[in-house]
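Worksheet: one structure, shown below.
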Amino acid sequence: MSEAGGGRGCGSSVPQRAPWSLVAATAAFCLVSATSVWTAGAAPMSREERQKLGNQVLEMFDHAYGNYMEHAYPADELMPLTCRGRVRGQEPSRGDVDDALGKFSLTLIDSLDTLVVLNKTKEFEDAVRKVLRDVNLDNDVVVSVFETNIRVLGGLLGGHSLAIMLKEKGEYMQWYNDELLQMAKQLGYKLLPAFNTTSGLPYPRINLKFGIRKPEARTGTETDTCTACAGTLILEFAALSRFTGATIFEEYARKALDFLWEKRQRSSNLVGVTINIHTGDWVRKDSGVGAGIDSYYEYLLKAYVLLGDDSFLERFNTHYDAIMRYISQPPLLLDVHIHKPMLNARTWMDALLAFFPGLQVLKGDIRPAIETHEMLYQVIKKHNFLPEAFTTDFRVHWAQHPLRPEFAESTYFLYKATGDPYYLEVGKTLIENLNKYARVPCGFAAMKDVRTGSHEDRMDSFFLAEMFKYLYLLFADKEDIIFDIEDYIFTTEAHLLPLWLSTTNQSISKKNTTSDYTELDDSNFDWTCPNTQILFPNDPLYAQSIREPLKNVVDKSCPRGIIRVREESFRSGAKPPLRARDFMATNPEHLEILKKMGVSLIHLKDGRVQLVQHAIQAASSIDAEDGLRFMQEMIELSSQQQKEQQLPPRAVQIVSHPFFGRVVLTAGPAQFGLDLSKHKETRGFVASSKPYNGCSELTNPEAVMGKIALIQRGQCMFAEKARNIQNAGAIGGIVIDDNEGSSSDTAPLFQMAGDGKDTDDIKIPMLFLFSKEGSIILDAIREYEEVEVLLSDKAKDRDPDMESEEQPSSENDSQDQSAEQITPSSQEVDLVDQESPEESSLNSEPESSSPADTDNAASVSASEQNSNPMENHETTSLDGECTDLDNQLQEQSETEEDSNPNVSWGKKVQPIDSILADWNEDIEAFEMMEKDEL
Ligand code: DMJ
């Protein structure tokens, strides 16, 4: 960093300092100075209460860490429901998630510096000894380079950083001789072969023992990696280089970053989600700040803070500007296409983006940070946790929640920036929800489904590395921490690296960088680390005033209108003359409008109707555009309708001693029997039926009478089992999968269907459990004999009083039946491959068989039996308030058009081929969205 850099960033009032101290000082200024000016707003929290909450965090950490050490160590992770260690290869594979597990006691390493932050120095000393004694980094396991870097390399470096700090203080770690650093170096060298590509971008996976590409390595054939995977190495690798003097690590990480920077989409300055590591082509061209990209941006800014290298700040600011221009749609952050950044690529957001407000605080852009954080908090208040993905109208898109720390992280940084006690209350809610819904007797369990409150047998190491650190720091005063946290920077896994590294072995920093930055343009940095006196001009209610208009954004919003404004095809706010939700296949007027728009209706043999659009058959280009909008609406509505037709999962909650409702298992519903979503839950003790398959009259009716019968899957229809246990007097039934080892962690949940006959006679509730979840109940019976469970659609609040609750009555009901044996509950819209860029189609069949499906055609199937496909569809029937919003947005959009000659789509007609190109990109994005995994 040049001397001139001293005047940049937070102001020129800090001249003549060493670059690193300026960085540290400015970062600290941005983060802490506002706390002292706070005088009003949300009621302040007393020191006593903050201490109480801090102690609660300590107790929770002990529960998580203690159970890991007692029941799982030296395994990588704790399985908190079955109370054992997760050893890779011994459990059914969960796919990519398992690539974090390298048989290197992941949770212990990831927890090292948390122990010091939480003032558990003795335990830290003990943990370091265990790492040195037990951990082997040379296992024949294929691991993710990204995860190994942020969790293990980062964990070892964070541990080393605090070990030397403690040693210097003179009380603890006096025996320490850089052993963790030596391990980190060993691991660093193991990761280096991953960078052996022409681009310098690393392979996504590496075999710890055999490296890459050798046959025994079982990896090295991959072509793609995610942007975050390639762009989240610089902090750990540079720290390793600077700690050890071995420059190669920092050089490799810089080279990968340089390559990504060169490949950014030049007109939008955005990057895609995945990139080909050999050619550098973008494989996925959607761009957001969440999954797949998140920490790439984070590391650019933090690399500037840690290393004091202006080029990183310049890159970050260029990307940030693009993010704020295209992706930020306050309070939402929505993925867009890198080539067409005004076009949204998704209609949902993922939970990983919750880190972004925290990064915005570090950047100094507080307003949008407050807005997005508030929106996220409202989603959390609705579902207790942030679901892995949620739609722009705040419905759950992916219901899982693996106890991610990003929201706590942003809450901490916002509190540091604003001093607003509101954020302490937010933290308190997070603590309460964790204890109430995720705490189980043997640790904390991830949420399988935030809607039902069911658990997954999983406690990821990042929960200990990050969650407890941020929560503890949120409530801690300076004197509660045994070192100065402002001297360190948090990696993406919240590991601590000392800021003094910026002046150590600095000479390597400029080697091998392809970009040449001589002069910084200060005008880009108007919003970098602004003076908080300006941010909060004599107004302690600043943050509150930003949150206020968003107060009911989740409950009372119609954000679909917001999105529409962003979509190019809807820029003018124009709507098709016939809205998809109003369409009735039997209405001759509607058919006439369709015809004008070039949309024809084909009656399929199976009773459905198919809509096909031929733009060239439309009465005019305007009608053709209307037709495209109509078809687009129809696709969205059909997809939503299919999702809503699925029966959501149910919950089996173990309520007897010692579980007291703390263990909740995800269960599949039945298409017959008592519908638990409409009626009170059913509670009772469980008993195994004889015969266990329940396929004939029970021989032990006295044992199951008045109880919930356990039956094994197989050998007869589900409905037959239900009748047999009902006849024996059971009040409910749980079918347990006979497929040993099956689990809802690895297999999609399904609904138990009827037997094709009338099932109205079945009055009791029936639920399905995979074998692993079922064995949790069977094990409990073996251990405690009397096991009581609650069958419901959503777990009840758990507390020790559950013991004394009265057994609710089991009202009976019946439900429509289906002739199918098993119905997958995760049906998705099947999209047909586009054969040419001019053609797009949507059909509920795997392949389009329509003879009319030719060039320039788009088709969608809708059920004829329900000629208005969207009847009763809540999200598409806008109420008055929403219509107003739509109008407002339309007006706003029109005003924008008036003032901006480039945004005149509503007046000049967009060429039809460009509309079709947009349309195809939408379909592509839609397909991606359906396949996407975080
Ligand atoms: C952590 O491992 C890191 O924060 C990473 O950057 C992405 N998110 C997980 C936790 O959610």
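Note that ligands are numbered from 1 as they come in the structure, with each ligand's atoms numbered from 1 the same way. Index from 1, following the sequence. Quick note: numbers below take in every heavy atom, side chains included, and nothing from hydrogens, waters or symmetry partners.
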Distances for all N or O pairs of ligand 1 and the protein under 3.5 Å?
residue: ligand 1; atom: 2 (O); partner: Glu493; partner atom: OE1; Å: 2.5
residue: ligand 1; atom: 4 (O); partner: Glu466; partner atom: OE2; Å: 2.9
residue: ligand 1; atom: 4 (O); partner: Thr492; partner atom: O; Å: 2.8
residue: ligand 1; atom: 6 (O); partner: Thr492; partner atom: OG1; Å: 2.7
residue: ligand 1; atom: 8 (N); partner: Glu406; partner atom: OE2; Å: 2.8
residue: ligand 1; atom: 11 (O); partner: Arg404; partner atom: NH1; Å: 2.7
residue: ligand 1; atom: 11 (O); partner: Glu406; partner atom: OE1; Å: 3.2
residue: ligand 1; atom: 11 (O); partner: Glu406; partner atom: OE2; Å: 2.7

### Query
For Thr666, what residues pass the side chain to side chain donor-acceptor pair (under 3.5 Å) criterion, not counting sequence neighbours?
Ser454
### Task
Apply salt bridge (charged side-chain N to carboxylate O under 4.0 Å, His left out) to Asp62 and list each qualifying residue two or more places apart in sequence or on a separate chain.
Lys120
#### Entry: Note: Glu147-Arg151 ion pair, threshold 4.0 Å (strictly below)
yes
### Query
Do Asp365 and Tyr320 have side-chain atoms, one donor and one acceptor, less than 3.5 Å apart?
yes
## Note on the structure
Taken in chain and number order and not counting sequence neighbours, the residues that satisfy side chain to side chain donor-acceptor pair (under 3.5 Å) with Arg439 are Glu59, Asn435
### Query
Could Arg94 and Asp99 be called an ion pair, given the rule that one side-chain N must be under 4.0 Å from one carboxylate O?
no
